[in-house]
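Working notes, structure below.
For the numbers below, each heavy atom of this structure counts, side chains included, while hydrogens, waters and symmetry mates do not.
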Amino acid sequence: MKESDYSGFNLPPELSRHAAIRQQQRGKTSRTLEIVYTHHDISLPATGQCMAVQISRRMKRELIAEGYAPQEIEAASRTTLILSSDEQIVTIYPGTSTRRFFNKRPAYTHRCTVDWKRRGIV
């Protein structure tokens with residue numbers, strides 16, 4: 001796509017200072033963040049009031065079929081954005097593993113529970 005074709009996109013929201021540092025450390029371009037923010041089709045609850053957004057394999061195929069550069073889409077598909085409740089990008093994760101967002105254990109570990117039971121707290 002030509003540079004003039006990019007004018008109709010929704011620009012990504014403001015980056016937090018932490019996200020800007022992570023963007024530089026992980027070598028993610030603003031264009032990559034823009035593609036993920038604009039075309040994400042997976043939204044998962046993350047810590048607090050945040051949402052983790054990313055692009056699925058199906059969306060990846062659709063974007064390539066629409067004429068986006070495969071290199072850009074490949075980079076975007078390996079990026080997960082964490083958005084705050086006011087749509088600010090909080091941080092940027094490499095890869096698409098969602099395991100880090102779903103912690104099925106309670107906030108305390110098993111060892112703490114055993115220790116609490118021994119002390120008579122629980």
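You'll find the side chain of Val53 stays beyond 4.5 Å of the side chain of Thr80, heavy atoms only. Side-chain contact between Tyr93 and Thr79: absent, with no pair of heavy atoms (C-beta onward) separated by less than 4.5 Å.
Residues His18 and Val90 approach most closely at CD2-O, 3.4 Å, considering heavy atoms. Across all their heavy atoms, Ser84 and Cys50 have their closest contact at CA-SG, 4.0 Å. Considering all non-hydrogen atoms of both residues, Ser56 and Ile42 come closest at CB-CD1, 3.6 Å. Of all heavy-atom pairs between Ala52 and Ala46, the closest is N-CB, 4.2 Å. The nearest pair of heavy atoms linking Ile92 to Arg22 is O-CB, 4.2 Å.
No side-chain donor-acceptor contact under 3.5 Å links Thr32 to the backbone of Ala76. With hydrogens and angles ignored, the 3.5 Å screen pairs a side-chain donor or acceptor of His40 with a backbone N or O of Tyr37. With hydrogens and angles ignored, the 3.5 Å screen pairs a side-chain donor or acceptor of Gln23 with a backbone N or O of Lys28.
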Exercise for the section: Decide yes or no on side chain to side chain contact (heavy atoms under 4.5 Å, CB included) for Tyr68 and His39, but give the supporting numbers first. Expected result: CA-CA 12 Å; Tyr68 287 91; His39 298 288; 3.1 Å; yes

Practice task
Evaluate the criterion side chain to side chain contact (heavy atoms under 4.5 Å, CB included) for residue pair Thr91 and Leu81; output intermediate values, then yes/no.
Solution key: CA-CA 6 Å; Thr91 192; Leu81 302 179; over 6 Å; no

Exercise for the section: Show your reasoning for whether side chain to side chain contact (heavy atoms under 4.5 Å, CB included) applies to Ile35 and Glu72. Expected result: CA-CA 8 Å; Ile35 290 171; Glu72 287 181 342; 4.0 Å; yes

Exercise for the section: List the steps, then state whether side chain to side chain contact (heavy atoms under 4.5 Å, CB included) holds for Ile55 with Leu63. Expected result: CA-CA 10 Å; Ile55 294 177; Leu63 291 173; 4.3 Å; yes

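Heavy-atom contacts from other residues, nucleotides or ligands closer than 6.0 Å to CD of Gln49 number 12 or fewer.
In this model, no donor atom of one side chain and acceptor atom of the other lie less than 3.5 Å apart for Ser16 and Gln88.
For residues 48-65, the set of pairs meeting the salt bridge (Lys or Arg N to Asp or Glu O under 4.0 Å) definition, not counting sequence neighbours, comprises Arg58-Glu62, Lys60-Glu74.
The distance from the CD1 atom of Ile73 to the CD1 atom of Ile64 is 6.5 Å, given to the nearest 0.5 Å.
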